[in-house]
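Because only heavy atoms are used, hydrogens play no part in the values below, and waters and symmetry mates are left out as well, while side chains stay in. Naming convention: chains lettered A, B, ... in sequence-line order (proteins, then strands); numbering from 1 in each chain. Since this is a predicted model, take the numbers as computed values, not measurements.
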There are 2 protein chains.
Amino acid sequence: MSADLTPTYTEKGKAFERDMDYVPDRILAGERSQDPHDDLHAEQYGGVREGVRVWPVEPGRYRLVAAPACPWANRSLIVRELLGLQDVISVGLPGPVHDKRSWTFDRDPGGKDPVLGMERLQEAYLNRFPDYPKGITVPAMVEVESRQLVTNDFPWITHDLFFEWRDHHREGAPDLWPEDVREEMETVMKRVFTEVNNGVYRCGFAGSQEAYDDAYDRLWTAMDWLEERLADRRYLMGDSITEADVRLFTTLVRFDPVYHGHFKCNRNKLTEMPHLWGYARDLFQTPGFGETVDFEQIKAHYYVVHTDINPTGIVPKGPELDSWHTPHGREAL
Amino acid sequence: MSADLTPTYTEKGKAFERDMDYVPDRILAGERSQDPHDDLHAEQYGGVREGVRVWPVEPGRYRLVAAPACPWANRSLIVRELLGLQDVISVGLPGPVHDKRSWTFDRDPGGKDPVLGMERLQEAYLNRFPDYPKGITVPAMVEVESRQLVTNDFPWITHDLFFEWRDHHREGAPDLWPEDVREEMETVMKRVFTEVNNGVYRCGFAGSQEAYDDAYDRLWTAMDWLEERLADRRYLMGDSITEADVRLFTTLVRFDPVYHGHFKCNRNKLTEMPHLWGYARDLFQTPGFGETVDFEQIKAHYYVVHTDINPTGIVPKGPELDSWHTPHGREAL
């Protein structure tokens with residue numbers, strides 16, 4: 001996500017507030033959402049979702065553009081793997097660092113995405129909205145033929161991969177949104193989002209000592225809550241992996257390599273919280289998770305792109321990461 | 001130590017090189033050094049020590065100006081405590097952050113050192129050398145009456161506190177420079193200085209990725225050597241504390257709070273190296289060490305002063321530091 005055209009991430013004296021105003025289009029299997037709890041016209045994230053355009057589910061029609069470095073994009077890469085959607089939704093992978101116009105396909109042959117034929121994701125945004133005024137973010141669903149952005153509304157992208165693409169899921173795909181825990185899961189995901197996924201950014205992009213101190217306390221209150229919650233549950237919602245785990249995982253996997261030092265989330269390392277560390281390794285070692293994690297790209301992204309936090313652009317060599325492959329013992333739970 | 005008048009610590013494209021050209025005066029108990037291994041006219045640190053002025057040992061005549069934040073100054077505070085020199089050499093304590101003219105007595109009543117009556121240590125440098133062209137560094141020995149700098153040559157300050165002030169040491173003061181291990185101790189101290197004390201700065205002030213990568217590898221090679229060396233020795237030179245331990249300690253105590261994140265020395269935390277971590281706690285809990293450590297000032301110094309590494313000036317709340325007081329079990333060695 002993120003990436004303003006002017007690369008300044010901290011605002012002096014201010015606390016960080018994430019702009020949650022995305023292009024809200026949906027890719028649906030029918031006229032309405034297949035999720036019985038999802039009312040397209042209800043208030044979501046603080047505003048009535050007017051002007052939502054509905055696009056049809058259609059294998060091969062869309063390309064998911066998702067930089068492995070970015071935690072919000074990483075979610076969609078994991079869910080696509082878990083559900084076995086690799087053959088129906090292709091993936092474009094921007095590199096970890098930006099030029100001044102944000103995410104680029106600099107790692108692809110000739111510096112262009114081989115399917116969309118563009119150098120910058122920005123092009124897909126401008127094809128859709130010639131005067132698009134906001135940051136160019138990943139993940140983004142792009143219609144291949146028109147080369148236009150469909151949506152960059154990250155929580156709905158993974159939601160719809162599950163509910164709308166069901167006919168295309170692999171056999172035995174996990175139930176990422178189990179009905180029997182849905183209500184509690186929404187509460188858990190909300191807290192994980194505001195306090196952890198976004199909480200680390202609130203620490204790192206704080207524009208004052210006071211804003212940082214508050215952000216730090218909020219983050220660690222939530223981390224302690226999670227450590228306790230995972231003491232006797234293998235996964236956040238119990239015995240099986242859900243969307244809530246995907247959402248927490250992408251922050252945890254970046255914790256020691258980036259958030260601990262770069263964002264000053266340094267009460268302790270993830271490796272110092274036994275339940276969370278076992279849980280994170282358990283997921284990492286589950287097919288669909290670890291393969292989507294590229295620690296080199298993750299570190300390069302944060303340390304190079306946030307020039308106002310790390311002006312030298314030097315990327316740390318640490319931490320040691322082999323321990324992600326060590327036994328976690330969580331099967332016993 | 002450190003603190004140029006223009007606060008830039010990294011030089012783009014360059015590796016960090018410490019300026020070791022200090023005011024080389026000595027405070028001696030006689031005409032010559034009391035250390036049989038010390039030839040005042042021999043080459044030291046790459047240059048013939050010409051122009052060394054000798055000042056006499058005299059209780060009450062000098063004030064040691066030593067900011068608790070600074071590792072090089074911290075050495076002298078520890079040695080003064082270990083040797084019981086508190087009554088014969090008074091101490092002035094600059095605060096952790098600088099104004100543009102470097103170290104200030106901003107924490108003292110009225111913002112002035114109560115004995116020297118000055119706001120800035122710079123004044124003592126200028127009293128001695130009106131056109132002093134270099135950085136204002138601590139530790140500094142200052143003659144109280146003339147308010148002039150005597151020397152800021154930090155390795156010799158602690159050396160001479162031991163060899164020259166012996167008549168004033170407390171009863172039972174430790175032998176910090178034992179003759180029977182002197183030769184090996186010089187080798188160990190040299191490696192600790194170049195690879196660890198200065199090695200962390202080489203990481204933090206690297207002006208290029210390549211310089212940083214090299215510095216990181218050098219540092220961790222040395223850290224692994226120390227971890228192994230301390231596996232079966234309680235202290236660096238064996239069963240008793242020496243100057244070599246003092247010199248290593250001041251870097252170790254700053255490792256997790258500062259060097260790990262701020263200087264990107266992040267292969268692992270000190271707490272993840274069992275022998276070094278036990279050793280560091282052993283010293284911390286030894287009278288003379290822990291009392292000189294002010295974690296708040298240490299963190300404030302690095303994170304506020306190095307604006308080219310941490311432009312926001314935000315000081316991390318972590319890491320958790322209570323564990324410095326936990327049992328270390330090193331008595332058994």
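Of the listed residues (B:Gly261, B:Cys203, B:Ser208), the greatest number of heavy-atom pairs within a distance under 4.5 Å of chain A belongs to B:Ser208. In terms of heavy-atom pairs under 4.5 Å with chain B, the best-connected choice from A:Val315, A:Thr271, A:Asp217 is A:Val315. No other option in B:Asn266, B:Asn310, B:Asp256, B:Asp213 has as many heavy-atom pairs under 4.5 Å with chain A as B:Asn266. For chain A, the option among B:Arg267, B:Glu320, B:Lys317 with the highest count of heavy-atom pairs below 4.5 Å is B:Lys317. Of the listed residues B:Thr312, B:Ile314, B:Leu321, the one with more heavy-atom pairs under 4.5 angstrom with chain A than any other is B:Ile314.
Residue B:Glu291 places its CD atom among more than 12 non-hydrogen atoms of other residues, nucleotides or ligands, all under 6.0 Å distant.
Heavy-atom distances place no part of A:His262 under 4.5 Å from chain B, backbone and side chain included. Neither the backbone nor the side chain of A:Ala211 has a heavy atom closer than 4.5 Å to any heavy atom of chain B.
Residue B:His260 holds its NE2 atom at 5.0 Å from NZ of A:Lys269, rounded to the nearest 0.5 Å.
By the 4.5 Å heavy-atom criterion applied to side chains, B:Pro316 and A:Tyr216 are not counted as neighbours.
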